[in-house]
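Before any comments, here is the structure.
As the structure is a computational prediction, the values presented were derived from the model and not from experiment.
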Amino acid sequence: MEPSFTKYIWKHTRRQQIWMLCIVAISMIPYYMAFDLPKMIVNGPIQGVGFEAPGDTQVFMPIDIPLPFVGSVNVFGGMDLDRLQTLIGLCFAFLALVIVNGLFKYYLNTYKGLMGERLLRRVRFDLVDRILRFRPHHFKHIKGGEVSSMVKDEVEPLGGFTADAFVQPAILGGQALTALVFIFVQHFWLGLVALAVASLQIGIIPRLRQRLIVLGRERQLGARQLAGRVNEIVEGINTIHAYDTTNYERAEIADRLGALFKIRYEIYQRKFMVKFLNNLLAQMSPFLFYLIGGVLTITGKLDVGQLIAVINAYKEFPGPLKELIDWDLARQDVQVKYEQVIEQFDVENMIDPELHVLHPANGDHLESPLRAMNLTVQDDSGARALEQVSLDIAPGETVAIVGDANSGANVIAETMARIAYPAAGRICSGDKDIFSLPEAITGRRISYASADAYFFAGSLKDNLLYGLKNAPQGVAEYSDEASQKRKWDIIEAKRSGNPDYDIKSNWIDHSVVAASSRDGDILTAIDSVIEIVDMTRDVFGFASQSVIDPEKDPDFANDIVKLRKEFHAELEARGRSNLIVPFEIGTYNSEAKVIDNLVFGVLKQRSAEGLAYFRNMLIQSGLSEQLYYMGRTIMDHTLEMFQHIPKTHPFYERLDYMEPHEVPHYQAMILRTGGIDYQNVSDDDRVAFIFIAFEYIEPKYRFGVLNDQLKKDIVNVRGMIARNTPAHLQKKVERYNQDRFLSAASLIDNVIFGKVNHRYNDAEIQVQAIMQELVQSKPALMQRIFALGLEYDLGPSGRRLTAVQRQKLNLARALIRRSDYYVFNRPLSGLDPTLQETIIRNALDFIATNGDKSAVIWVLATSELSKHFNRCVEFEDKAIRRDAKNLALDDKVDIL
Amino acid sequence: MLLSDELDLLRGIPLFKTMEQTKLKLMAFASDEVLFNAGETLFGEGQIADAAYVILKGEVEVIRNGAKVGTCGPQNIVGETAILTDDPRDKTVRALTEVETLRITKDGFQKLLSNCPGTLAKILRILGDRVAEPVA
């Protein structure tokens, strides 16, 4: 990037800067005229110069244009006005000048803002563009948090300065010079005084500010590192908790903040000291003017009007001068900031922009074979990671690469995926080096998946189809209004040097969808790859945990209610009714909490009135006393077990009714209420124990405090509540109703309509499996549910997926695109061997039938699974140890 | 089964004999009661081991390398090596009747023991003896 920020600005905003300079030059005319007017008003109509006799008139506003060599040309002769008329005329002229000056300022400021924002957009884009062109190994040396802080915060002031880079010194310099010239014209010696003070300011202040620049640089670096560290904490939070290093991190952050504080405090001290000096010098001049100017006026060498004009002009003089000094400081400051940022982005050996040029869908294939020739790769420390490896991969070949973590097996895969760059040797497709081929070919025709997968925030579907978004497919259609906006977007993007690719276009290239050769349907492709990586059940699970709005999609909700009935019938038919404890109006649901059994529905809105009503019902029915004693016994048991274990113990998570810090509170409560009967216990304690009883689930806690009679009583009270609650309170509860969709519950809860009996081994999985089988027999509904599951939000970096799900999805993401070569670098390392084998077999079958004669290179930890490949290359000690055809499989292929 | 009954049963198991009453109760509390139908496997050979099972009711068979090597009934614990080591399962255990078990997870057990090192030592010794036996 351009090393000097001023040059960078000039290069990209030259025309606008010149335009602005012209405007500024024009604006100087009214600006200068506004100086002269007060003198004319005071000397003329007010003091009466030229109006000595009553009835005297003066020519108002003659326009003479002085031309060189020609002399003055009179354009407008002016009007004859008397004293009062002249005063009014001059005052209105002054008002007009004020307005004109204001308008000039308005226009210039808006224009400056526009220019600054465009340049900021350009700088930011340039930086991100550079990140996209860094070579992969460079990312081992940079912190994401620091880089994002640079792109977001550190360049922010650059935009603000852009507009000021040339125009500000022109305006301020012009203003200061105008004022100075004006003072000189009025009086030479007063001019000299102003000049002397100004020289002092210009000479001293910038020197004092040198240290401020150094401090500013340190502050920038410190703040950037802080951003990096905070990001690191977020990324590494599990490690921090695992090793109990939260306090180490606290100390580290506090130390950094301390250092930053020190820098910032020093900046304040110096900044205000400089400000003080600057102000002092500026304000010393009026003192000199009053003194010297006063003496000159008294001695008659200067008239009063002149003195007022000089003082007026001088008022305008220190302002621009001070701002000019500020501008110079800002210039140095942004230059430093710019240098500090671009130094991080000026990396050697960046990827050639030519390789990233946008190519629409192209039918280009990689030429075969893919050939590694004398490939040597070094790791970061400079040690050999791969040594003189040569390997040919023919189209249609399936190659297992076997070797442990140090064998080099994974390095060859990384090099083929262009993640690692060779130190010597080449990888060629045909006779072309793949590192010099455009990514539009290599990135599309080689699909890569490794063990550590990254996912972007968004839905599962977005991530699964991510690899198909190489270029916009066609132009998005817009309504009239939107298309105007789009046109504006394009123009602005171009003005800021950004590309105008439309993110709203369809980016998914259907021609490269793996299964499209069969029926061209992307949903079928998704279905197939999800099935291959054994994620159908997961997607189904995601869907089942989703909450839908029945009003938006009543048909879907109705289908779910229908499914509910069929599901219960299916369980019955399979003899597995015991997996679910259904919600039945006349029965206690043993897997549900006491409170759920009482309310028998979902509370949609809390209200004081509702609570009071509910409480009354409990008291009237006598249930509250029973629940009180129940809660007390529960707490007795709980304290016995938990009073001596540390607060942070994970067993606390099993308790729905007590937090670790509440142990002493409940101990005191038990002591307080011991030996006192229900009637005499305080209301607060009573309520507290009843609330504990509300959370109780017998099979989960097994304290034996819920007998059959109590269950019967609870069901009775449930009935009473249902019957007697006034209508307006009824609305606040969505009661369980066999025939209605429960809007507050997830999809699966709506189908199950009861509680899963967790006592049965893998009950939840079994329930899901049975439901899935049932749904599979209804393709339309299945598709709807599957689509809902695909909308599952993966969270930032896909953190809502488990490690196994991540690996599966990562493989699916590669499989869904058609490629000439699939490079899989231990993509399933987190899965158990049986499942790995199944997925490998399915994936190989899937790729074999895509009709592209694709080759597969699959890095495996052990040779056991290599039997599914028609060639096995064993790596040991950074080199190939054995390269053998799998004869058994070849034979089989031949027979087939 | 109630927590108190489970506790009585656990106390009869040598592995837990030395554990304090409240610790044992806590362990039972932190464990889930899991039911298996006849024919269902509690765990299979080669699987990643995450929990031990105390048989509360019913009977299970133990299979190693495809051959049945024994059966276990109530007051027996199966898969206990799992809760102290990272080895995969070395046997398959299948329910012969409907079986009620208490699933003690590796994570929970280890976290419990981290608070009582004395018990840990005793348990390790007992475990060492038990590993030597042919049928666990």
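Atom CD of A:E640 sits in a crowded spot, with more than 12 heavy atoms from other residues, nucleotides or ligands closer than 6.0 Å. Heavy-atom contacts from other residues, nucleotides or ligands closer than 6.0 Å to CD1 of A:I237 number more than 12. Around atom CZ of A:R799, more than 12 heavy atoms belonging to other residues, nucleotides or ligands sit under 6.0 Å away.
Taking CG of B:N37 as the reference point, atom CG of A:N578 lies at 6.5 Å (rounded to 0.5 Å).
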Could you walk me through whether A:R759 and B:E100 pass side-chain contact (heavy atoms from CB on, under 4.5 Å), step by step? CA-CA 9 Å; A:R759 294 208 303 154; B:E100 208 176 309; 4.2 Å; yes
With side-chain contact (heavy atoms from CB on, under 4.5 Å) as the criterion, how do B:E40 and A:Q766 come out once you've worked through the C-alpha distance, each side chain's angles and the decisive distance to 0.1 Å? CA-CA 12 Å; B:E40 270 189 282; A:Q766 290 190 50; 3.6 Å; yes
Go through the steps to decide whether A:N761 and B:R103 satisfy the test side-chain contact (heavy atoms from CB on, under 4.5 Å), and finish with yes or no. CA-CA 10 Å; A:N761 182 43; B:R103 171 159 37 201; 3.8 Å; yes
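Side chains of A:Q643 and B:T22 form no contact here, defined as non-hydrogen atoms less than 4.5 Å apart. In this structure the side chain of A:F642 reaches within 4.5 angstrom of the side chain of B:L26, judged on heavy atoms. With contacts defined as side-chain heavy-atom distances shorter than 4.5 Å, the pair A:E698/B:L2 qualifies.
For B:T105, no part sits under 4.5 Å from any heavy atom of chain A, backbone or side chain. In this structure, chain A has a heavy atom under 4.5 Å from the side chain of B:L102, while its backbone stays farther away. Looking at A:H644, neither its backbone nor its side chain comes within 4.5 Å of chain B, counting heavy atoms on both sides. In this structure, chain B has no heavy atom under 4.5 Å from any part of A:E653.
A pairwise comparison of heavy atoms in A:Y760 and B:V34 identifies C-CG1, 4.3 Å as the closest pair.
If you check the side chains of B:K25 and A:H637, you find a donor sitting under 3.5 Å from an acceptor.
Ranking B:D107, B:L3, B:L42 against chain A, the residue ahead of the rest is B:L3, based on heavy-atom pairs under 4.5 Å.
Between A:F651 and B:F29, a ring centre-to-centre spacing not shorter than 6.0 Å is recorded.
Look at B:D32 and A:R702 and you find no salt bridge, because none of the NZ, NE, NH1 or NH2 atoms lies under 4.0 Å from a carboxylate O.
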